[in-house]
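Read through the structure below, which is laid out as structure tokens, and then see the notes.
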Amino acid sequence: MTRWLISVASDGLTTGHSIAISIPPGTSGLLALDWNVEMTGSTRSSHGLDDRRKRLLFRCWHRGTREMDLILGRFADAEIAALADDELGELERLIEVPDPDLYAALTGDRPLSVEQASPLFDRIKAFRIADHGA
């Protein structure tokens, strides 16, 4: 049994309450409090991927803006294992584009530069539209 001390401020006064919580061995207090938080993130394990693909999968999910994490991360989850070497190179170049520019191009607000445009970019854009959640 674990004891937690919780201080509650009420009208400028602090009072202490002692609460006993029974926590099953090997679990956190969050489980005991029944806090179920749905996480968003990769649904694909990097197990079985070569180092280049693992690195790209990670970078697609850790862009800096949540919108781009969801767009590129979901695409990478679905496609990373099947991408050819030249497509991996295209993806490596695309993820160097700043988030605001890439997001604007993927949403159709601004065209992507000719140097950065590729068939892979078109696939990501089509995937985003079909995914409906990104």
Side-chain angles (χ1 to χ4, degrees):
M1 190 169 293
T2 303
R3 293 183 126 343
W4 294 54
L5 182 65
I6 300 173
S7 296
V8 179
S10 174
D11 297 331
L13 301 174
T14 303
T15 58
H17 299 278
S18 190
I19 300 172
I21 300 174
S22 178
I23 302 173
T27 63
S28 71
L30 293 177
L31 178 64
L33 293 174
D34 197 27
W35 288 351
N36 294 320
V37 178
E38 185 177 328
M39 300 295 289
T40 57
S42 183
T43 58
R44 186 199 196 295
S45 168
S46 62
H47 180 72
L49 296 178
D50 59 57
D51 288 342
R52 185 180 188 192
R53 284 178 170 78
K54 286 179 186 178
R55 193 170 29 256
L56 278 168
L57 179 64
F58 179 86
R59 290 191 63 202
C60 285
W61 274 109
H62 296 87
R63 294 285 306 171
T65 61
R66 192 62 182 146
E67 294 85 354
M68 288 305 301
D69 288 354
L70 293 171
I71 293 169
L72 289 179
R74 288 175 177 167
F75 176 81
D77 276 358
E79 302 289 332
I80 196 78
L83 293 178
D85 284 343
D86 60 326
E87 293 172 319
L88 292 174
E90 289 176 24
L91 184 56
E92 288 167 337
R93 286 187 293 281
L94 273 177
I95 62 176
E96 295 302 323
V97 176
D99 279 356
D101 297 336
L102 188 54
Y103 184 77
L106 286 167
T107 58
D109 291 341
R110 192 174 342 148
L112 195 61
S113 70
V114 175
E115 308 85 50
Q116 297 161 335
S118 67
L120 183 67
F121 171 77
D122 295 335
R123 282 179 52 199
I124 295 170
K125 189 173 182 177
F127 183 89
R128 184 196 75 83
I129 292 168
D131 190 33
H132 299 294

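Fair warning: this is a prediction, and the values are worked out from it, not measured in the lab.
- Atom-to-atom distance recorded for Arg55:CZ and Leu57:CG is 12.0 Å, nearest 0.5 angstrom.
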query = Hey, mind stepping through Met68 and Thr65 against side-chain contact (heavy atoms from CB on, under 4.5 Å) and telling me if it holds?
reply = CA-CA 6 Å; Met68 288 305 301; Thr65 61; 3.4 Å; yes

task = Please report the C-alpha distance between Leu72 and Trp61 in whole Å, then the side-chain angles of each, then the deciding distance to 0.1 Å, and finally whether the side-chain contact (heavy atoms from CB on, under 4.5 Å) criterion is met.
result = CA-CA 7 Å; Leu72 289 179; Trp61 274 109; over 6 Å; no

inquiry  = Please evaluate residues Leu112 and Ser118 with respect to the criterion side-chain contact (heavy atoms from CB on, under 4.5 Å), reporting the C-alpha separation (whole Å), side-chain torsions for both, the decisive distance (0.1 Å), and the verdict.
reply    = CA-CA 9 Å; Leu112 195 61; Ser118 67; over 6 Å; no

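- The distance from atom CD of Glu67 to atom OG1 of Thr107, rounded to the nearest 0.5 Å, is 10.5 Å.
- Annotation: side chain of Tyr103 is not in contact with side chain of Asp109 (no heavy-atom distance under 4.5 Å).
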inquiry  = Evaluate Arg63 against Asp69 for salt bridge (charged side-chain N to carboxylate O under 4.0 Å, His left out), listing each step before the verdict.
reply    = CA-CA 6 Å; Arg63 294 285 306 171; Asp69 288 354; 5.8 Å; no

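- To the nearest 0.5 Å, atoms CZ (Arg52) and CG (Leu91) are separated by 9.0 Å.
- The two residues Pro111 and Ala105 make their nearest non-hydrogen contact at C-CB, 4.4 Å.
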task = Apply side-chain contact (heavy atoms from CB on, under 4.5 Å) to the pair Asp51 and Lys54, showing each step before the final yes or no.
result = CA-CA 5 Å; Asp51 288 342; Lys54 286 179 186 178; 4.2 Å; yes

Please tabulate, for side-chain N and O atoms in residues 79-89, each donor-acceptor pair with protein atoms closer than 3.5 Å (sequence neighbours left out).
| from | atom 1 | to | atom 2 | distance (Å) |
| --- | --- | --- | --- | --- |
| Glu79 | OE1 | Arg123 | NH2 | 3.0 |
| Glu87 | OE1 | Ala84 | N | 2.8 |
| Glu87 | OE2 | Arg123 | NH1 | 2.6 |

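- Of the inter-residue distances, the one linking Leu120 atom CG with Arg93 atom CZ reads 9.5 Å to the nearest 0.5 angstrom.
- A distance of 9.5 Å separates CZ in Phe121 from CD in Gln116, rounded to the nearest 0.5 Å.
- Of all heavy-atom pairs spanning Leu106 and Arg128, the tightest one is O-NE, 3.3 Å.
- Rounding to the nearest 0.5 Å places CG of Leu102 at 11.0 Å from CD of Glu96.
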request  = For Asp77 and Arg74, run salt bridge (charged side-chain N to carboxylate O under 4.0 Å, His left out): C-alpha distance rounded to whole Å, both residues' side-chain angles, the deciding distance at 0.1 Å, then the answer.
outcome  = CA-CA 5 Å; Asp77 276 358; Arg74 288 175 177 167; over 6 Å; no

